[in-house]
S.K.: 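My questions all concern the structure below.
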Amino acid sequence: MLFDSHAHYDDPKFDPDRDTLLSSMNKNGIELIVNPGSDLKSSKASVALAKKYDFIYAAVGVHPHDAKSMNGETISELALLAREKKVVAIGEIGLDYYYDNSPRETQKYWLIQQLKLAKRLRLPVIIHDRDAHGDCMDILRREKPEKCVLHSFSGSVEMAEEAVHLGMMLSISGPLTYKNNHKTVEVVKRIPLEFLMIETDSPYLPPEPHRGERNSSLNVKYVAQKIADLKGISFEEVSQQTNLNARNFFSIR
Ligand code: NI
């Protein structure tokens, strides 16, 4: 049974068939899903999904794209939301220098504030890092979150090694299956399975052979299979170990 550590079922792309799709997860081998928020509205929607579906857990947080909309009150509201049942992390939070939708200094400031919030609440953090590896690692080295996963990991082998030495987890997504992604292939070969989780980031980042389509947790098996192929181990071993890793990380029994 697979654990999709990162999917966004509050996304409007799921409006036409959300309930039908989610009802099909269990019989298709998807046991658990963590649904992170990307702003206050979607954090609330994540909590609502977790209430509705026993196999969905929520994270609450504001994505770097929306850092410019944050203020002290946003942090208070997140703190309140984080007390709801089945909220297992603060996320997704981080830095995105690819889109630069918020000024970089603003992104850094609110990443740090949300890391401090997670520490106060003793919750793990889910980190989004796109084209911001240097600044992101600088902040994480300084703030030292208790538990941290680098979601949809896209860094080098060197960065991956440093991250696991600092006690972080790496979550691997669909781009591992893309033909020219040698970097993530090397990361998966080098880093022990005990430090890996798997995810879809649905509705984004569909793996091969579903590129161009809307992604869903039903496709997380392609990521697991690719990891199994690269490590020369069975699909079952990858699914069991990554499931256990994610349960431990998010403290889900
Ligand atoms: Ni995401």
Side-chain angles (χ1 to χ4, degrees), residues 2-15 18 21-22 25 30 32-50 56-67 69-70 78 81-82 87-102 107 110-111 114-115 118 123-133 136 140 145 147-155 168-178 184 196-207 210-211 213-220 222-223 242 246 249-250:
L2 296 154
F3 191 139
D4 183 354
S5 79
H6 194 116
H8 300 277
Y9 286 105
D10 54 291
D11 193 286
K13 289 196 180 71
F14 292 111
D15 284 351
R18 182 176 291 106
L21 177 64
L22 288 173
M25 287 299 160
I30 311 302
L32 292 160
I33 297 169
V34 170
N35 195 99
S38 49
D39 55 21
L40 267 184
K41 185 167 163 254
S42 88
S43 294
K44 284 176 190 158
S46 294
V47 171
L49 279 169
I56 295 183
Y57 286 77
V60 299
V62 178
H63 193 282
H65 289 343
D66 289 302
S69 74
M70 291 192 77
L78 287 175
L81 267 180
V87 173
V88 292
I90 297 295
E92 59 183 285
I93 61 176
L95 301 175
D96 193 310
Y97 293 175
Y98 179 79
Y99 287 106
D100 277 327
N101 285 353
S102 289
Q107 294 188 39
W110 289 109
L111 167 59
Q114 291 184 92
L115 288 170
L123 282 172
V125 295
I126 301 169
I127 299 292
H128 170 101
D129 159 24
R130 187 152 183 206
D131 291 357
H133 300 326
C136 204
L140 293 173
K147 279 177 157 184
C148 174
V149 59
L150 302 178
H151 124 75
S152 193
F153 186 74
S154 59
M168 297 177 196
M169 301 290 292
L170 311 180
S171 186
I172 306 296
S173 59
L176 172 68
T177 65
Y178 300 172
T184 311
L196 303 181
M197 298 189 212
I198 52 176
E199 65 165 81
T200 54
D201 201 16
S202 298
Y204 313 106
L205 305 179
H210 292 287
R211 283 188 84 170
E213 300 171 17
R214 181 187 72 176
N215 201 5
S216 88
S217 302
L218 301 175
N219 293 331
V220 78
Y222 296 105
V223 180
T242 53
F249 181 83
F250 293 114

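In each ligand, atom 1 is the first atom listed, and ligand 1 is the first ligand listed. These figures come from a predicted structure and were not determined experimentally.
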S.K.: Distance alone, cut at 3.5 Å: any donor-acceptor contact between the side chains of S171 and E199?
M.R.: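 A donor-acceptor contact under 3.5 Å links the two side chains.
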
S.K.: Can you give me the OE2-the Ni ion (ligand 1)-OD1 angle for E92 and D201, to 10°?
M.R.: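 Here the angle at the metal atom is close to 170°, to 10°.
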
S.K.: Closer than 2.8 Å to the Ni ion (ligand 1): does that hold for any N, O or S atom in H8?
M.R.: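 Given the 2.8 Å cut-off, H8 counts as a ligand of the Ni ion (ligand 1).
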
S.K.: Regarding H6, does it place an N, O or S atom less than 2.8 Å from the Ni ion (ligand 1)?
M.R.: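 So H6 does bind the Ni ion (ligand 1) by this criterion.
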
S.K.: State, without any angle test, whether N35 and S46 hold a side-chain donor-acceptor pair at a distance under 3.5 Å.
M.R.: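 Side-chain D/A pair, N35 to S46: present.
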
S.K.: Applying side chain to side chain contact (heavy atoms under 4.5 Å, CB included), can you list everything that pairs with K13, at least two apart in sequence or on another chain?
M.R.: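 D11, P203, Y204, R214.
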
S.K.: If every non-hydrogen atom of I93 is compared with every non-hydrogen atom of G61, which pair is closest and at what distance?
M.R.: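 Distance-wise, the nearest heavy atoms are CG2-CA, 4.3 Å.
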
